[in-house]
There are 2 protein chains.
Amino acid sequence: MTTSSMKDVARAAGVSVGTVSNVLNRPDAVAEETRRRVLAAIASLGYVRNDSARQLRAGRSRNVAIVVLDVSNPFFTDVVRGAEPLVDSAGGVVTVCDSGEDVRREQRHLEILEEQRVRGLLITPVDDTSAERLERLTAHDIPVVLVDRGAGLHPHCSVAVDDVHGGRLAAAHLVEQGHASVAFIGGPLSIPQVRDRLAGCREVCERSGTRLETFTSVSLNVGGGRQAVEQMLRLPDAPTAVFCANDLVALGALQGLTMHGVKVPEECAIVGYDDIDFAAAAAVPLSSVRQPRAQLGRTAAQLLFEEIAEGKGHTHRNVVFQPELVARASTAVDL
Amino acid sequence: MTTSSMKDVARAAGVSVGTVSNVLNRPDAVAEETRRRVLAAIASLGYVRNDSARQLRAGRSRNVAIVVLDVSNPFFTDVVRGAEPLVDSAGGVVTVCDSGEDVRREQRHLEILEEQRVRGLLITPVDDTSAERLERLTAHDIPVVLVDRGAGLHPHCSVAVDDVHGGRLAAAHLVEQGHASVAFIGGPLSIPQVRDRLAGCREVCERSGTRLETFTSVSLNVGGGRQAVEQMLRLPDAPTAVFCANDLVALGALQGLTMHGVKVPEECAIVGYDDIDFAAAAAVPLSSVRQPRAQLGRTAAQLLFEEIAEGKGHTHRNVVFQPELVARASTAVDL
DNA sequence: ACCCCCGCGTGAAACGATTCAATTATTCCG
DNA sequence: CGGAATAATTGAATCGTTTCACGCGGGGGT
């Protein structure tokens, strides 16, 4: 009634458990007639394999986890969707974990995932402090691939987009349109991506003698953007252009500006980052720095499986993609 | 080096495995000094509990799964975020699965989840045919709570929003604004929510003598909406208002109309469904039927834990929320 | 006739934690 | 000071698989 085990199946089919296991795992090692009987027993008992027992024996699970900064950010769901098919066809299952940009939550997830002996881990770390926690996994033979973050000195494969360059693209675009002062909105600065995008932006601003103000948002989402822009508007001479660390923040900034009657792009231009699908559909279609989202996920999964396959003799690879500026109405100087 | 087990810890600390287990699970049953020694051994060996073994013994895992139709739809991520804190504080972990509106993928997930002996399941079923597959889980003592779907005759708790009424609200709003013909865009019709929203819409249209055309989209996303609207525009006298089965479709419809130079709302009004955050931020802010997304998730998790706690003597509850129309520019007749 | 191999099956030993009855050491009380 | 209650620890059984060395009977080759 409740749950039946292999033993029950074996009894019902009049064979040993070893044979039942064989029916499930190497069907051709067992005679036609026997197999039939066993399968019938399985069906009639409603037997379902117990994965815990399997995993215990195997020493590891078939799950691959992906830890993202924010599941409700379409950027990350696109990355996940990029990775899924690969994991899937490798017979794995994807577990999505949301760290919510919070180191403690990230840490908790890592602990649980390690207890679960996941087969591998794709992660966008919250922080630079995540590194040592990740090495612990690596030391325990759980391959880790960094997503949207270069590996630097750390012993992992990684898939990243050149964020410094992305920052440059955004800033250059704004400077080119004649803006004499630019605001950067994003935060917290502990997030590496934010720092890099800012760095690229700063580089261009300094070189071109453009004033740069930075406004730190609490979080990389719509609320954060709205709030930071409020702060900006309190300034006597607010910048005429903002570069936001991601599209959610940009959308929030757009809302904030509109609420205060500031016209976009006429009185204030906006560039976002990620080019999520919603960016193009926004009230004022957003210019944005595009990242190959799905490909990021796909490649990450690929690197993970390579590492799994190659085992000990594996050398880490760090793949870097180049971002691309997509100009839309939110920075259109004419029309 | 690789992975150490309780036995290793026990040896290192000079105690039995039973004691190590006690240190982990009922610390006060073990003497101060011993505990210290064991903890030291754990730390120095880098010991990590093996969850498979735990689960095997316990007979079930501590994971709660949630199966959604589309992870990249913010509606669902909001539902997930609503459920997460509760599961979390109950010591569980959430596994998010994406069925992609596909029965076979859903089925695959269910099989895997059952093998994993998840503690419980929140699911938005793809289809009416999902029902019997779900009863299998219930029969195996895995509580199931239906999300965004009434339970009807099925032996589950459920959390739903009155979709028929939502359909009525949308249609009534459009009719009230004087539209003489309305298009419904959504699909596939095998998805119950789509059918219900259409039913409510149809009811109001018939009562008010409004012409109703329905356009079936392949999928409930932006692409589906864009495509369906193309089809609509080929009609000699296309409707002057569309009601979309969700906001993604509505956003797609908006894009499609704009691309064909149809002005929204002047030449064609749009009402969406879900009121995701992006709806308000769209090129033309979308009128939409709001659902209490986070609360849906929260309540679902609550029901699940009630069922787990009450065990055999549990009676199923079916909670229904009422949707609410949010009118924005996409249906604004004046201004 | 002998041996070996092959195809099918068997049974028991892992895997790593939890649990509980049994054991030993300690303290308390009359 | 004996005996009982209390505290701390042990060891073995158990969960459900997978795996592997081994048995057994029947051909085929020489």
Side-chain angles (χ1 to χ4, degrees), chain A residues 2-39 41-42 45-63 91 111-112 114-119 140-141, chain B residues 2-39 41-42 45-63 91 111-112 114-119 140-141:
Chain A
T2 23
T3 8
S4 37
S5 71
M6 275 198 157
K7 228 188 308 188
D8 304 316
V9 174
R11 189 167 335 116
V15 298
S16 75
V17 292
T19 301
V20 177
S21 173
N22 280 336
V23 169
L24 260 27
N25 302 312
R26 22 239 266 226
D28 4 62
V30 41
E32 168 65 19
E33 151 68 6
T34 315
R35 192 190 325 151
R36 239 191 16 69
R37 254 186 14 251
V38 171
L39 289 175
I42 287 180
L45 289 175
Y47 165 77
V48 177
R49 250 203 189 103
N50 184 323
D51 205 42
S52 320
R54 277 190 105 185
Q55 282 181 203
L56 173 57
R57 189 85 232 293
R60 45 159 45 83
S61 94
R62 282 156 26 256
N63 288 34
E111 281 165 9
I112 292 174
E114 192 176 354
E115 290 189 358
Q116 298 190 153
R117 301 289 192 271
V118 288
R119 197 67 180 76
H140 285 10
D141 276 334
Chain B
T2 24
T3 7
S4 37
S5 71
M6 275 199 157
K7 227 188 309 187
D8 304 317
V9 174
R11 186 162 344 112
V15 298
S16 76
V17 292
T19 301
V20 177
S21 173
N22 281 336
V23 168
L24 260 26
N25 301 312
R26 24 236 269 223
D28 2 63
V30 40
E32 169 66 20
E33 150 67 8
T34 314
R35 193 189 325 151
R36 240 190 16 69
R37 249 182 22 246
V38 170
L39 289 175
I42 287 180
L45 289 176
Y47 165 76
V48 177
R49 253 204 188 100
N50 184 325
D51 206 42
S52 322
R54 279 189 102 186
Q55 281 181 204
L56 173 57
R57 189 82 230 293
R60 46 160 43 84
S61 94
R62 282 155 27 256
N63 287 35
E111 280 164 10
I112 291 173
E114 191 176 354
E115 290 189 357
Q116 298 190 154
R117 302 287 192 271
V118 288
R119 197 66 181 77
H140 285 9
D141 277 333

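- Taking OG1 from B:Thr19 and CE from B:Met6, the interatomic distance works out to 10.0 Å, rounded to the nearest 0.5 Å.
- The side-chain hydrogen bond (donor to acceptor under 3.5 Å, both in side chains) search around B:Arg36 returns B:Glu33, not counting sequence neighbours.
- Summarising the geometry of B:Ala10 relative to B:Val17, their closest heavy-atom pair is CB-N, 3.8 Å, with the distance given to 0.1 Å.
- Using a 4.5 Å heavy-atom threshold, the side chains of A:Gln116 and A:Asn63 count as separate.
- Taking all atoms of both residues into account, the shortest heavy-atom contact from B:Ala41 to B:Ala13 is CB-CB, 3.9 Å.
- The stretch residues 47-60 of chain B comes close to DNA chain D through B:Leu56, B:Arg57, each having a heavy atom under 4.0 Å from the strand.
- First and last contacting nucleotides of DNA chain C toward chain B (any atom under 4.0 angstrom from a heavy atom, 5' to 3' order): C:dG16 to C:dT19.
- Annotation: side chain of A:Asp141 is not in contact with side chain of B:Thr3 (no heavy-atom distance under 4.5 Å).
- When side chains are defined from C-beta on, A:Val38 counts as touching A:Val9, because their heavy atoms get closer than 4.5 Å.
- Here D:dT19 presents its P atom at 12 Å from CG of A:Leu24, a figure rounded to the nearest Å.
- Between A:Arg119 and A:Arg62, the shortest heavy-atom distance links the atoms CB-C, 4.3 Å.
- With sequence neighbours excluded, the residues forming a side-chain hydrogen bond (donor to acceptor under 3.5 Å, both in side chains) with B:Ser21 are B:Asn25, listed by chain and number.
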> Would B:Leu24 and B:Ile42 satisfy side chain to side chain contact (heavy atoms under 4.5 Å, CB included), going step by step from the backbone distance to the final call?
Replying inline: CA-CA 10 Å; B:Leu24 260 26; B:Ile42 287 180; 3.6 Å; yes

Distances under 3.5 Å between protein N/O atoms and the N/O atoms of nucleotides 6-12 of chain D, please, pair by pair.
from   : atom 1 : to      : atom 2 : distance (Å)
D:dT9  : OP1    : B:Thr34 : OG1    : 2.2
D:dT9  : OP2    : B:Ala31 : N      : 3.0
D:dT9  : OP2    : B:Thr34 : OG1    : 3.4
D:dT10 : OP2    : B:Ser16 : N      : 2.8
D:dT10 : OP2    : B:Ser16 : OG     : 3.1
D:dT10 : OP2    : B:Thr19 : OG1    : 2.7

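- Backbone-only contact: A:Ser5 has heavy atoms under 4.0 Å from sugar-phosphate atoms and none from a base.
- Under the 3.5 Å distance criterion, the side-chain polar atoms of B:Arg35 are left unmatched by any main-chain donor or acceptor of B:Val23.
- One finds the OG1 atom of B:Thr34 at 10.5 Å from the CG atom of B:Leu39 (value rounded to the nearest 0.5 Å).
- Comparing the helix axis at one end of the helix from C:dA1-D:dT30 to C:dG30-D:dC1 with that at the other, each defined from 5 consecutive pairs, gives an inter-axis angle of 50° (nearest 10°).
- Using a 4.5 Å heavy-atom cutoff, the side chains of B:Arg117 and B:Gln55 are not in contact.
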